[in-house]
Amino acid sequence: MTFDPNKAAAAVGGPARDWRDLFGPALVGALAGVLLYVISEHWKPEAPTWYYFVIVISAAFVLTWSRATAVSSILFSTGLAIAAALPLHFMFETSGGWSDDSSFPHLAIWGALTAPYFCYVATAFFRAILGKGTSGFSYTRLFDNIIRIPLLLFLSMLFTGIIFGLYGLWTALFEVIEIDFFLELMDEPWFLLPVAGSVGGLSVALMRGWDGFVSMWKNLALLLCRLAVPIIALFSLAFLLVLPFTGLEKLWDTASATGLTGFIAITLLVFANGVRQDGLNFPPNWLQISTYSTILTAPFYVAISAYALYLRVDQYGFTPPRYMGAVLMVVLVFYALGSVLALLMRAIALRSKGFWLGLLSPLNVITAVGLGFVLISLHTPFNDPLRMSVKSQINRLTSGDVTIEEFDVAHFYFDLGQPGQDALEELQETDLGQNEVFLNNLEVARIVYSKYAYERALRAQADFDDVISEKKSIYQIDLPRMRFHNDDIGLNLVKKLAALPEGHPDHTIITTEAQSALDTESYFEFRKGWCTRAEAAGFECNAFGPMSLH
């Protein structure tokens, strides 16, 4: 009998693949690295869109590639990349890009949440439909891929990190003998990007081939669910049982009530699915009971989370995070109630033969697809978090819940994007918008470059008013920061101080110091000299911090 290494590897779950199964993903990864370098050097105006396209198409390809489905994989990867990058392209075309505060919210939501989720779910479904050389949807394969894809990406990144760590080790060794060539290569994008891409593609291919290794990690995650469900079921019941005696007032006082209880509800339902898996195997009775407990308690946590969100919205109105939370809460309520329905159907034996909690399979599919459409809808006018937040805050203003002096101009201008800025322009045309405080705040927002600079400018204005009204000495305000860190606003305020008419108690100090600030180009040189004079006058001063009286 001769030894066959491929058969031996397959027997222990190792990679029984030939070089062609590894060459394709490695080549695609290297090509992606080259394209990323070319984009960074020559296509900078549209770089983010092309970055997204290249990363998505290469990642989708290496995750779905096989010789049996090569054409389908290429078509799927290309279509997925277009679907993810094209909306990003239109957002850049109609806005100022990442540096534009008015467009950043939409870009961030799509780039960091909607597109990654869409790509993840679409890839899992594609692999489930064309898995293992067979066609036709299989929930068992879908469940397997929902877990397997994140594991593949995590393990491939770990493998890539190890490879570059070894490269760094030998680079350090060469550096000892004064050979800096390999160290210099690490600073060259034309080398680093293609190598990282090829190693990443190769590592994904290796992990896919080493099915037993990935399955070990998957089984470990599912085992963790089985071990944890009895414990979290106990904790979830204990919390609900003590609520009648403690109340929820302390929970309402925190800003994290919605997120905390919502995350617990999601955890309960995810772990319940981890125990159930594809529903083909029935766990022991004690584990079934623990799973039923997590499903039954989840709606209570969803209700607490939803009510906490309602209280915040009722008190302060919608903001983009709150509106997105409300939209996602609808999905969570649907899923929690659907899980309870699956449990009730199990109780009355209305289930498919041979499946445990059989309704969970279609419920998971519907929820996964539905959540994708919900996230996409957040980028449409009728469900835009920015527009809905603007409408909510304007209603609070017109109803008298907030005065025009208290109106958060900075939130509208910097956090609510173009809809917020358009609303401010419209508000300025109304009688309510002719308020002096509102007009000043709006003018400041137009001049400064960020919300933080806006708050600093308002503080500078307040300090100026205090000096003029003699509530503060010049040494009690941060004159250097007012002059050098507040754009034209601070400069104009210092000019007014320098031109302060005689008769003010601190006229000589103020006009002298303000004039010095105007004549000095260096912030730190002026601050140091100012501190010297301030300390001589009996004041405590830190050259790199605010001043204060003894």
Side-chain angles (χ1 to χ4, degrees), residues 9 13-40 49-85 111 115-134 141-142 144-164 167 189 191-218:
R17 302 158 66 101
D18 63 31
W19 65 272
R20 288 173 294 180
D21 294 311
L22 304 178
F23 179 75
L27 180 61
V28 168
L31 181 60
V34 172
L35 290 175
L36 291 176
Y37 171 72
V38 172
I39 292 169
S40 66
T49 301
W50 286 109
Y51 283 152
Y52 222 86
F53 178 85
V54 172
I55 291 172
V56 171
I57 194 172
S58 57
F61 179 82
V62 299
L63 285 170
T64 59
W65 157 260
S66 70
R67 281 178 290 157
T69 60
V71 175
S72 299
S73 179
I74 293 172
L75 293 176
F76 168 77
S77 303
T78 304
L80 188 65
I82 292 173
Y117 177 84
F118 174 75
C119 293
Y120 168 52
V121 172
T123 303
F125 271 87
F126 180 81
R127 283 169 56 107
I129 294 172
L130 297 178
K132 298 183 180 179
T134 61
R141 289 201 298 267
L142 176 64
D144 179 74
N145 283 300
I146 287 291
I147 301 176
R148 189 175 292 269
I149 289 174
L151 282 175
L152 281 171
L153 295 176
F154 168 75
L155 292 173
S156 65
M157 287 189 292
L158 181 63
F159 180 82
T160 303
I162 292 173
I163 294 299
F164 273 92
Y167 179 86
F191 169 80
L192 191 61
L193 290 174
V195 171
S198 62
V199 173
L202 179 63
S203 61
V204 171
L206 285 172
M207 295 303 169
R208 288 183 62 194
W210 208 297
D211 187 70
F213 182 69
V214 179
S215 295
M216 179 189 72
W217 283 83
K218 185 192 78 169

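Just so we're clear, the structure is a prediction, and the values are computed from it rather than from any experiment. We count residues from 1, following the sequence as given.
- Counting only heavy atoms from C-beta outward, the side chains of Phe164 and Thr160 approach each other to under 4.5 Å.
- Applying the salt bridge (charged side-chain N to carboxylate O under 4.0 Å, His left out) rule to pairs touching residues 147-157 yields Asp144-Arg148, Arg148-Asp211, sequence neighbours excluded.
- Two residues are said to be in side-chain contact when any heavy atoms from C-beta on lie closer than 4.5 Å; Trp65 and Ser77 fail this criterion.
- Judged purely by atom type and a 3.5 angstrom limit, Tyr120 uses its side chain to pair as donor or acceptor with the backbone of Ile146.
- Distance check: Ile82 CD1 to Ile57 CD1 gives 7.5 Å after rounding to the nearest 0.5 Å.
- With sequence neighbours excluded, no residue forms a side-chain hydrogen bond (donor to acceptor under 3.5 Å, both in side chains) with Ser156.
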Scan the side chains in residues 24-36 for donor-acceptor partners under 3.5 Å anywhere in the protein, sequence neighbours excluded, and list what turns up.
none

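- In this view, Phe159 satisfies the ring pair (Phe, Tyr, Trp, His ring centres under 6.0 Å) rule with no residue, not counting sequence neighbours.
- Side chain of Arg208 to backbone of Leu152: no donor-acceptor contact under 3.5 angstrom is found.
- Atom CG of Leu206 sits about 11.5 Å away from atom CG of Leu155, to the nearest 0.5 Å.
- No side-chain heavy atom of Thr78 sits less than 4.5 Å from a side-chain heavy atom of Phe61.
- In terms of modelled atom types and a separation under 3.5 Å, the side chain of Tyr37 and the main chain of Pro194 share no donor-acceptor contact.
- Ile147 approaches Lys218 most closely through the heavy-atom pair CG2-CG, 3.5 Å.
- The two residues Thr64 and Ser73 come nearest to each other via the heavy atoms OG1-OG, 2.7 Å.
- Legend: residues meeting side-chain contact (heavy atoms from CB on, under 4.5 Å) with Ala122, ordered by chain and number and at least two apart, are Phe76, Leu80.
- With sequence neighbours left out, the side-chain hydrogen bond (donor to acceptor under 3.5 Å, both in side chains) criterion links Thr123 to no other residue.
- Closest non-hydrogen pair, Tyr52 versus Gly111, comes out as OH-O, 2.6 Å.
- No side-chain heavy atom of Val195 sits under 4.5 Å from any side-chain heavy atom of Ile163.
- Within the 4.5 Å cutoff, the side chain of Trp50 has no heavy atoms near those of the Val38 side chain.
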